[in-house]
Amino acid sequence: MANLLEKNREAVPDEEALGRSPSLGVISDLIQSFHPNTSLTLFRRMCLIRYFELGIVRAAGDGLITYPVYLSLGQEAIGAALSLVIPEYMIFAQHRCHGIYLAFGGAPEKLRDELLGLPGGTSGGRAGSNCIQCHENNITMFGHHGLIGENVSLGVGAALGSNKPTVCLFGDGAAEEDYVFAAMGFAVTHRLPVLFICEDNNLSILTTVDKRRSWSMTKVAGALGMQAFETSDDPWTLIQRTQELIKGLPAFLNIDTCRAHWHVGVGQDGPTEWDRFTLVKEELRKMGLLEKISNIEEEVRESIEKLWDPKQLRKRLGR
Ligand SMILES: Cc1ncc(C[n+]2csc(CCOP(=O)(O)OP(=O)(O)O)c2C)c(N)n1
Ligand SMILES: [Mg+2]
């Protein structure tokens, strides 16, 4: 067994041997080929996710949110980038999905109410953070029900039945569930229009990938017969890669990213390996967009802070 594991490790390609880094697979200077307005929209969506999630952290600290929450802080670039390329896809989301919901245009008030357990929530306040549904604002989003990776099989089935373009999002932990491979293989055999996205934050609760497996999900997806890329969460690279991949579905993208808060809840273990939000701001600053991004950030921060105003929340909760 030990020999087999050693052999598999040797087979890991050079770029993966470099390990996790913010520059893994990143296409340099790609930002310059984008219209500034696209980059600003991208940034606005990242701000929306970041400040919404920070609102949750505050509300939980004030004792106003008492349900479990799965935060997208640190992983904002993924939803923001995908929402620009595949806005009309059916979405089969995992438990950590606030960022996807918000970036694709889900109403922030409804997500807030869901987390507060109020009837105005996405599921009338009865499903909670890990199961966000949306069937309005031109979004078709199905939430997760408890078994990690189940949304991959469900999404493949929905694509088979409807032939509608579909995106299945799952974590690096969910990627290890047997039914995920089976569903991906089925999608290849039947040429289904499914984009598989692994939000690889290198953690399944608290266990890092190297302690859980000796194989690469990107290689497995490639071996099943679909196009597969590995990259970190630079949003411009994500846009470019997604545009390429959707020309020939099914396809797979493994995105190295960083979870800034605990698996569940609002606590933090320490600083993340990288903070994509700050890196994106720096890129935009270099493009001469500092004033514009400062205004966008301020505007989004103010509007989201109103949404999470503790006085209003207490009133809504009848406290
Ligand atoms: C089939 C199944 N096994 C185990 C669990 C317990 N569980 C819940 S979340 C989780 C880790 C998920 O990690 P990952 O898929 O990487 O998503 P992340 O939380 O990192 O975004 C596990 C093991 C579960 N919900 N379902
Ligand atoms: Mg994970």
Side-chain angles (χ1 to χ4, degrees), residues 16 19-22 24 49-50 52-53 56-57 67-82 91-103 111 115 127-132 141-157 167-184 195-218 220-221 230-233 238 252-270 272-277:
E16 283 170 43
R20 285 169 59 79
S21 88
L24 178 78
I49 301 167
R50 174 146 294 205
F52 187 93
E53 299 292 68
I56 299 177
V57 174
Y67 294 175
V69 283
Y70 299 84
L71 299 181
S72 300
L73 279 165
Q75 305 188 188
E76 300 91 346
I78 299 176
L82 291 176
I91 303 165
F92 282 80
Q94 61 153 343
H95 55 277
R96 194 176 307 288
C97 64
H98 299 175
I100 297 294
Y101 171 84
L102 292 167
L111 179 53
L115 304 178
S129 173
N130 68 347
C131 181
I132 305 303
M141 174 163 164
F142 297 91
H144 161 92
H145 303 95
L147 292 179
I148 50 171
E150 51 146 38
N151 54 311
V152 178
S153 324
L154 293 176
V156 167
V167 59
C168 296
L169 296 125
F170 51 100
D172 51 290
E176 292 159 15
E177 299 297 345
D178 51 2
Y179 37 83
V180 171
F181 308 126
M184 289 172 76
L195 178 62
F196 299 97
I197 300 276
C198 180
E199 294 194 48
D200 181 349
N201 55 24
N202 195 32
L203 288 169
S204 178
I205 306 187
L206 281 172
T207 313
T208 52
V209 171
D210 61 340
K211 296 194 179 64
R212 307 190 321 255
R213 57 171 138 114
S214 54
W215 46 270
S216 137
M217 192 60 198
T218 311
V220 169
E230 172 116 23
T231 174
S232 72
D233 56 3
L238 294 186
F252 171 77
L253 185 59
N254 194 86
I255 305 171
D256 282 13
T257 188
C258 300
R259 189 187 84 200
H261 285 250
W262 286 345
H263 168 66
V264 56
V266 299
Q268 257 180 315
D269 283 320
T272 53
E273 295 160 272
W274 65 85
D275 175 13
R276 183 60 66 186
F277 187 77

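This is a predicted model, so every value here is computed, not measured. Values reported hereafter were calculated over all heavy atoms of this structure, with side chains retained and with hydrogens, waters and symmetry mates removed. Counting convention: from 1, in listed order, for ligands and their atoms alike.
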Does either side chain, that of Arg96 or that of His263, offer a donor lying less than 3.5 Å from an acceptor on the other one? yes
Heavy atoms from other residues, nucleotides or ligands near CH2 of Trp274 exceed 12 (cutoff 6.0 Å): yes
Tell me, please, which residues at least two apart from Phe252 pass ring pair (Phe, Tyr, Trp, His ring centres under 6.0 Å). none
Atoms of the protein (N/O/S only) found under 2.8 Å from the Mg ion (ligand 2): Asp172 OD1, Asn201 OD1, Leu203 O
Would Arg259 and Asp172 count as a salt bridge (charged side-chain N to carboxylate O under 4.0 Å, His left out) if you check the C-alpha gap in whole Å, the side-chain angles of each, and the deciding distance to 0.1 Å? CA-CA 12 Å; Arg259 189 187 84 200; Asp172 51 290; over 6 Å; no
For Asp269, all residues meeting salt bridge (Lys or Arg N to Asp or Glu O under 4.0 Å), sequence neighbours excluded: none
So, taking the atom named CG in Leu73 and the one named CZ in Phe52, what distance separates them when rounded to the nearest 0.5 Å? 11.0 Å
If we ignore hydrogens and angles and just use 3.5 Å, is the side chain of Ser232 paired with the main-chain N or O of Pro22 as donor and acceptor? yes
CD1 on Ile197 to CD1 on Ile255, rounded to 0.5 Å: 4.5 Å
Under 3.5 Å, is there a donor-acceptor pair between the side chain of Asn151 and the main chain of Leu169? yes
I'd like the contact residues of ligand 1, where contact means a heavy atom below 4.0 Å. Gln94, His95, Arg96, Gly146, Leu147, Ile148, Gly171, Asp172, Gly173, Ala174, Glu177, Tyr179, Asn201, Leu203, Ser204, Ile205, His263
